[in-house]
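Below is one structure; the comments refer to it alone.
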Amino acid sequence: MSSSDPFDLGAADEDAGAAPLPRPGGIAARAAGMAPPPYLAKLNPEQRQAVETTEGPLLVLAGAGTGKTRVLTTRLAHLLHSRKAYPGQILAVTFTNKAAREMKDRIEGLIGGVVEGMQWLGTFHSIGAKILRFHAELVGLRSDFSILDTDDQIRLLKQLIRAHEIDEKRWPARQLAGHIDGWKNRGLTPDKVPQGEAASYGNGLGTKLYAEYQERLKILNAADFGDLLLECLRLFQENPDVLARFQQRFSYMLVDEYQDTNVAQYLWLRLLAQGHKNVCCVGDDDQSIYGWRGAEVDNILKFEKDFPGAVVIRLETNYRSTPHILSAASGLIAHNEGRLGKTLRTDLNAGEKVHIRGIWDGEEEARAVGEDVEQLQRKQHRLDEMAILVRASFQMREFEDRFITLGLPYRVVGGPKFYERAEIRDALAYLKVTAQPDHDLAFERIVNQPKRGIGSTSVQKIHGYARSQGISLYRAAQNMIETDELPAKARSSLTTLLQSFSRWRTLIDGISHVELAEMVLDESGYTEMWQNDRSPEAPGKLDNLKELVRSIDEFENLAGFLEHISLVMDTGTDQADDKINLMTLHSAKGLEFETVFLPGWEEGLFPHQRALDENGRAGLEEERRLAYVGITRARKRCKISFAQNRRIHNLWQSAIPSRFLDELPEADVEVEENRSAYGGYGGFGESSFDNLDPYASSYSTPGWQRARNAHAAGKTRHADPKTIEGELVAREDADSISFDMGERVFHEKFGYGQIASIDGNKLTIDFDKAGRKRVLDNFVKRH
DNA sequence: CTGGAGGATCTTTTT
DNA sequence: GATCCTCCAG
C-alpha cells in the first residue's frame, strides 16, 4: 500500500528483499511441474476447473453455498503460486471492505505468509480512488482530493438548491442526490443525461444542478462515491495512454459479486479487461439484490456476449444447507423469469423442513423467536450460529427490546455505521480542517460546534465573501477576522479558533497523531461539550470519541487515517463474543448460520410495497431473490414467520402472509397451525379487527388455497410465475381498469393527482402533494 | 445568536 | 416514534 508508483508491480519489492511471495526456490518452484499443489486437492472438479482456467474471460456462476470464496481465493493463490503474475499485476475487486479483507486473509492462509504487494485488491471504490489519485490532475482534481460521503453530498446540494430558490419541500435534496447517484451509476456525466430525465427534478433543473454540483466538487477538490468510479472512467476514456498502461499492467482480473455491478463499474471493467482479457467474474444472478442501487443483473446475463470466447462454469454443489432448505429456496427462486438457471445439489441428509408460523403481531413474533433461541441455547447451540434476518431495519427494534428483556446478548450487524454518527463526523471534521484547511464542508460543520457565537448569519457572510474571492471558507475567515464585517463576539471566537488550527497544524509532524487528535478534541472544547451534556446519549458519544482516537493509532499518519476512514471504517466488531446476530437481509449476503429466523413475511413488508410500486415486476423479482438469499443463509434450520398485525409508523395494520410463502414447495415446509386466531384477512390497509372472518381457515392466502384446491383435484401445483405485482392486495377491482391521460386519480399513499402519461400498466402521475411518481395502475383509483 | 416549541415528514436495502 | 426543520421569543 505504501508504493507511490502505480506501475510498481510489486516485483521490485521482492527484489529489494521483502520477498513477500514465493520466488524461485520457494514453494512455487517445488510446486511447479510436480504433483499438483495441495490447495487444489481440496476442490471439487468444477471448482478446480474454475481455478485452473486462468486464461481468457471466465464467468463462474456460483450458487449459494457452493464455495465461491474458496474458488476466488484459491484462484488468486494459484496465479501467484504458479508465478503467472506478480501480486501487483492482479486486479481483484469486491464490493465490500469485509469481502476484500476476508479474501486477503484467506489467501494468506493458503500461501502461508503475508500477502504484500497486492496493491490492487480492494473495493471498486478504493481502487477507483487509488487510480484517480495518480492522475487526479487529468480530471480536474488535485491528488489530495477529499472524498465526500452522503451527508456532505446532501449538504452541498442543499446549498445549490437554495441558490436556485427551488422549494426544498417539494424537491428534497435527498431526491436530487438520488438522481445524481443514479446517473453516476449509469456512467452518465452531466452532458450525457438524457433530456427527458432532467425533468424528473426541480422543473427540469436536474441536469443543470448536476453540472453545477460537479463544478463545486472540483472547486472543493472533492469527489463523492460515484465519482470514484465515474471520474476514473472518464480518465480512461479521455486518456488512452493512461488506460493502455493500466490495461497492460493488470494481467489478471478478478471480480467478486459480479451480479451487483452497475453500468459504470461494468464499463470500467470492460475497458481494463481489453488488455490481457484474463478477466474472471464470479457471481450468482439469483443473489442480485442491489438493483435499487444501480446494479444491473443484465451484466451477468450477457457476459458471454460481452466477452467473446468466454467460458462459463457453474458451481452447483452446495455445501451449506440441508436438502429441504435448499429445495425450498430453489422452489421459490424458480418463480423468477430471466435467470440463467442453476440446479443446486447437496449430499447432506434431509434434515428439518423449513418451519413456517403465523403470529398475532410483531411483539409476539419477537417473543416466539426469543423462546426458540433460548430453547436452542439449552441444547448447547451457540448464539453465534443463529441469525435473525429482517427486511427493513425498523423490524429490529422489537427483537432488540425482547432480547434486552431476556438478557440475551445480541449483535446488530451493519447497523448505523460508526463513522456516520454525528460526534464522529464532527471529530473527523476537526481533524480534516487541521490537515486540510481548505476542506470547506468540514470547516462549516464545526465552525460553530461547540457553540461559539458564530451563527448562520456569520457563516453566510463568510460564504459570500469566499465565493466572491474564489477562496476557501477557511481563508475567507482568515481575512474577515481582520475586518469589522462580523459581530465582535463571532470575530473573537473565530480568531481563537483559527489560531488553534494553525497551532495544531504546526504540530502535525511534531507529535504523534494520536496525541494530536486528543489535543484537537480537547482544546477545541469539543470533548467538553459532550462532558457537559446531560442527555442520556452523551456518555456513549464520549466512548465513541475515545474509540475513534484509539483507532487512529492503527495508522501511520493522520492523512492515511483520513483516507482510510472515508472509504472504509468498520471498526473491528466484537466478533469473538457469543451473540445472536441481528441484521437486514442485505447485509446477510455472503454469511451463513446454523439457524436462521426470517420474520415479517407479509405482503407490503416482504415483498416491500415500495419495491413493487416503483419497479413492478422487476422489483418483485428482486424481493424474491432477497428471500432466496435469506433462506440459503441457513445450514440446518430456517424458521419463517408472519404476523397478522403489524404496527408501521405507529399505525396498526393488518397484514396478509407474503406470497413468497405460497411459493415454497409444500413438501419442504411444515406449517405450525396450533397458534391462536390468525384468521381471515381484510382488504389491504383495513383492520382485521373490523373484518374478522371466523370461518377462515388458519392459513389462508389465496395462493395457498389455490394450491390446496389444485392439490385436492389431483393436479400437481404448477409454479405460477404469472402472479403479477400487487395482485393479492388489489384484487377487489379484479377487472382491469384502463385510465386515460389527464384523468384525476387517487393513490393510497400519494394522494390525489393527475395522469401525465401511460405506459402499459405503469402510470406517471403528477400528484398534488407528492409530485411526479411512477405507479402501477392497480394502486390507483379513479377519482 | 441561542434555545425551545411546534410542525412536518418520513421511515428498504449501502460502497 | 423520531428526527429534522422552521419559527419565534428572549
Side-chain angles (χ1 to χ4, degrees), chain A residues 93-100 122-129 147-151 153-155 158 168-170 172-175 177-178 181 184-185 223-229 256-257 260-262 264-265 288-295 389-398 401 413-417 419-420 422 448-460 486-490 493 537 566-570 583-589 600 604-615 619 622-623 625-627 629-630 647-651 749-750 769-770:
Chain A
V93 276
T94 62
F95 274 83
T96 65
N97 298 300
K98 210 171 93 191
T123 62
F124 275 100
H125 297 271
S126 64
I127 289 173
I147 299 167
L148 300 192
D149 60 25
T150 324
D151 216 69
Q153 193 186 3
I154 288 185
R155 283 191 302 147
K158 270 192 184 152
E168 279 182 76
K169 286 273 157 54
R170 176 131 187 241
R174 306 197 65 83
Q175 196 186 333
D181 272 351
K184 288 188 174 173
N185 285 339
D224 65 16
F225 278 129
D227 282 342
L228 297 180
L229 283 158
D256 191 14
E257 307 280 18
D260 287 336
T261 50
N262 60 37
Q265 288 157 339
S288 163
I289 54 176
Y290 284 106
W292 53 274
R293 219 171 78 190
L389 310 182
V390 296
R391 174 68 242 273
S393 45
F394 76 85
Q395 292 171 265
M396 290 188 189
R397 228 191 123 143
E398 282 164 318
D401 288 350
V413 179
K417 290 282 185 309
Y419 71 97
E420 280 167 1
N448 199 30
Q449 186 78 289
K451 298 274 185 288
R452 306 189 165 85
I454 307 167
S456 58
T457 0
S458 300
V459 174
Q460 237 26 71
L486 300 173
K489 195 175 166 218
S493 55
E537 305 86 72
S566 38
L567 288 171
V568 212
M569 196 70 242
D570 22 35
M583 69 188 94
T584 63
L585 285 159
H586 283 89
S587 38
K589 192 164 77 163
L605 178 56
F606 193 33
H608 199 282
Q609 194 59 46
R610 212 163 129 178
L612 302 183
D613 286 353
E614 289 174 4
N615 291 304
E622 182 154 315
E623 295 286 294
R625 290 193 291 266
L626 201 48
V629 167
R647 195 169 55 182
I648 295 178
H649 28 124
N650 222 18
L651 272 179
K749 189 159 160 217
F750 302 127
K769 299 236 171 75

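Per chain, numbering begins at 1; letters A, B, ... match sequence-line order. For clarity, every value in this text was computed on a predicted model and none was experimentally measured.
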Given atom [atom1] of [X] and atom [atom2] of [N], what is their separation to the nearest angstrom?
X: I289(A); N: dT14(B); atom1: CD1; atom2: P; value: 9 Å
X: K589(A); N: dT14(B); atom1: NZ; atom2: C1'; value: 11 Å
X: D151(A); N: dT3(C); atom1: CG; atom2: C1'; value: 13 Å
X: E622(A); N: dT14(B); atom1: CD; atom2: P; value: 13 Å
X: K184(A); N: dT14(B); atom1: NZ; atom2: P; value: 21 Å
X: D227(A); N: dT15(B); atom1: CG; atom2: P; value: 18 Å
X: K451(A); N: dG3(B); atom1: NZ; atom2: P; value: 6 Å
X: R174(A); N: dC5(C); atom1: CZ; atom2: C1'; value: 14 Å

Closest approach to the side chain of [X], judged atom by atom: which nucleotide of [options] is it?
X: R397(A); options: dT2(B), dA2(C), dT15(B); result: dA2(C)
X: R610(A); options: dT11(B), dT14(B), dT15(B); result: dT11(B)
X: K158(A); options: dT15(B), dC5(C), dT14(B); result: dC5(C)

*Could you tell me how the ring of H586(A) sits relative to the ring of Y290(A): parallel (under 30°), tilted (30 to 60°) or perpendicular (over 60°)?*
tilted
*OP1 or OP2 of dT15(B) under 4.0 Å from side-chain N/O of T150(A)*: no
*For dT2(B), does either OP1 or OP2 sit under 4.0 Å from a side-chain N or O belonging to N448(A)?*
yes
Would you list the protein and nucleotides 7-10 of chain C atom pairs, both N or O, that sit under 3.5 Å from each other?
none

_Among I289(A), V390(A), L626(A), side chain to side chain contact (heavy atoms under 4.5 Å, CB included) partner for L585(A)_ = L626(A)
*Of G453(A) and L626(A), whose nearest nucleotide on DNA chain B comes first from the 5' end?*
G453(A)
_Go nucleotide by nucleotide along DNA chain B from the 5' end; which of R452(A) and T584(A) gets its closest nucleotide reached first?_
R452(A)
NA contact type, [X], heavy-atom cut-off 4.0 Å: base, sugar-phosphate, or nothing?
X: F124(A); answer: nothing
X: S126(A); answer: nothing
X: H125(A); answer: base
X: F394(A); answer: nothing

*Which pair of non-hydrogen atoms, one from V93(A) and one from F124(A), has the smallest distance, and what is that distance?*
CG2-CZ, 3.9 Å
*asked:* Under the criterion of centre distance below 5.5 Å and interplanar angle below 30°, is F225(A) classified as stacked on the base of dT15(B)?
replied: yes
*Heavy atoms of other groups near R155(A) CZ, more than 12 under 6.0 Å*: yes
